[in-house]
Amino acid sequence: MKKLLFTSIMAAVMFMPDAFAASSSTPWWKQPTICRISTTNCYASMGAGFDAGMWDAGANCRGMKLICPNALTTGEDEPVPKGKNEISKKTGISDDFDLTVLADGCFGARKTSAGGTKASLNGKYVNVWCRGILDNPSEIVATGEITSGAEPTCRELADNGYVAVVAGKCYGKYYNPRDYYIECAAAQTPNRLIVLNGADYEATTPAGTPTDMSAADEQFKAMYTTSQAQYKKYFAQ
């Protein structure tokens, strides 16, 4: 029985020389019957910001994104490779960061809006202050500085000649205290910006100083009436 089976196999080989010739000329790893991993879920290309040697089991592909330490919620000091499923689910990743933006060789730049004058911090957008305004900034971003603490008040800014308005791509416009007095009515928003024209204006408004145009007109009328009365009295003597 064994002899008959061997004879049949040899006969088949003799009558199919082309099939074996084709097989021997094609490497085994390129044979059409060999299973291959689908590259559908793989990154099209990998350069800076990727670890091309790591295996992403969730996506069945080689290559992982390096996520920047600031974008992680796990207190890392170095970039961490993350798989596609982890990135999609934001596993250990802060929602304040954009993971499509490359920053310093890893992915994860803080989200901004309004031309860079606002930055996402703890789920809400805060002012980006021009550099040098904050005493203890929590973080330096591309357009300035942000703080996780209380925003500076109008008076705190005014004492250094600043007003909380946009100046370019950050908050904090400077007005020389020799030329302007910044009057604060609310914590953040200045009430008035007064042009000094060479006159001193104390932080505490002197009693009787007009606070609007109507009061100023009334004061001028009173001054004029008083001066006319004094003029008539003088010439009546």
Side-chain angles (χ1 to χ4, degrees), residues 48-49 65-80 82 87 90-206 209 211-212:
K65 268 188 174 182
L66 295 172
I67 307 303
C68 297
N70 286 349
L72 300 170
T73 60
T74 50
E76 305 292 339
D77 295 324
E78 299 291 335
V80 173
K82 291 278 187 180
I87 291 174
K90 293 292 183 73
T91 305
I93 300 171
S94 170
D95 198 45
D96 290 325
F97 292 81
D98 186 346
L99 303 185
T100 66
V101 179
L102 186 66
D104 298 326
C106 52
F107 285 93
R110 191 172 289 279
K111 295 176 182 177
T112 60
S113 66
T117 61
K118 298 280 186 179
S120 181
L121 181 64
N122 298 327
K124 65 178 183 179
Y125 280 89
V126 299
N127 289 343
V128 176
W129 297 94
C130 298
R131 295 191 181 185
I133 290 180
L134 298 177
D135 291 333
N136 296 296
S138 300
E139 185 180 329
I140 296 175
V141 296
T143 53
E145 302 170 340
I146 58 176
T147 178
S148 58
E151 300 279 9
T153 66
C154 175
R155 188 70 265 153
E156 289 170 342
L157 293 169
D159 287 344
N160 293 307
Y162 287 98
V163 172
V165 295
V166 174
K169 292 188 175 182
C170 54
Y171 276 83
K173 190 170 183 178
Y174 179 74
Y175 290 91
N176 194 323
R178 292 177 299 180
D179 302 319
Y180 299 93
Y181 174 74
I182 302 166
E183 184 179 80
C184 296
Q188 300 295 332
T189 308
N191 182 29
R192 292 188 302 173
L193 186 66
I194 301 172
V195 180
L196 297 181
N197 292 326
D200 291 330
Y201 194 95
E202 300 297 333
T204 302
T205 304
T209 300
T211 58
D212 55 35

Those residues that, when tested against [X], pass side chain to side chain donor-acceptor pair (under 3.5 Å) (two or more places apart):
X: Asp104; answer: none
X: Ser120; answer: Asp96
X: Lys90; answer: Asp95
X: Asn122; answer: none

Side chains of [X] and [Y] in contact at under 4.5 Å (non-hydrogen atoms):
X: Leu157; Y: Trp129; result: yes
X: Phe107; Y: Lys82; result: no
X: Val126; Y: Glu151; result: yes

Which atom names give the shortest non-hydrogen contact between Leu134 and Pro137, and what distance separates them?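 Here Leu134 and Pro137 meet closest at O-CD, 3.8 Å.
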With a 3.5 Å cut-off and sequence neighbours excluded, list the donor-acceptor pairs that the side chains of residues 140-149 form with protein atoms.
from: Thr143; atom 1: OG1; to: Gly116; atom 2: O; distance (Å): 2.7
from: Thr147; atom 1: OG1; to: Gly149; atom 2: N; distance (Å): 3.0
from: Ser148; atom 1: OG; to: Ser138; atom 2: OG; distance (Å): 3.0

Pairs involving residues 117-150, ordered by first then second residue, that meet disulfide (SG to SG under 2.5 Å) (sequence neighbours left out):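 Matches after skipping sequence neighbours: Cys130-Cys170.
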With Phe97 via ring-ring contact (aromatic ring centres under 6.0 Å, His included) - residues at least two apart: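 ring-ring contact (aromatic ring centres under 6.0 Å, His included) list for Phe97, sorted by chain: empty.
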With Tyr174 via ring-ring contact (aromatic ring centres under 6.0 Å, His included) - residues at least two apart: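 With neighbours one apart ignored, the set is Tyr162.
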Could you list all the side-chain hydrogen bond (donor to acceptor under 3.5 Å, both in side chains) pairs where at least one residue sits in residues 107-117, not counting sequence neighbours?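 Only Arg110-Glu139 qualify under side-chain hydrogen bond (donor to acceptor under 3.5 Å, both in side chains).
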Does anything in residues 123-136 pair up under salt bridge (Lys or Arg N to Asp or Glu O under 4.0 Å), and if so which pairs, sequence neighbours excluded?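 Every pair satisfying salt bridge (Lys or Arg N to Asp or Glu O under 4.0 Å) with a residue in residues 123-136: there are none.
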Can you list every pair that meets salt bridge (Lys or Arg N to Asp or Glu O under 4.0 Å) and has a residue in residues 156-167, with sequence neighbours left out?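 The answer is Arg155-Asp159.
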Could you tabulate the donor-acceptor pairs under 3.5 Å formed by side-chain atoms of residues 67-79, not counting sequence neighbours?
from: Thr73; atom 1: OG1; to: Gly92; atom 2: O; distance (Å): 3.3
from: Thr74; atom 1: OG1; to: Glu76; atom 2: OE2; distance (Å): 3.4

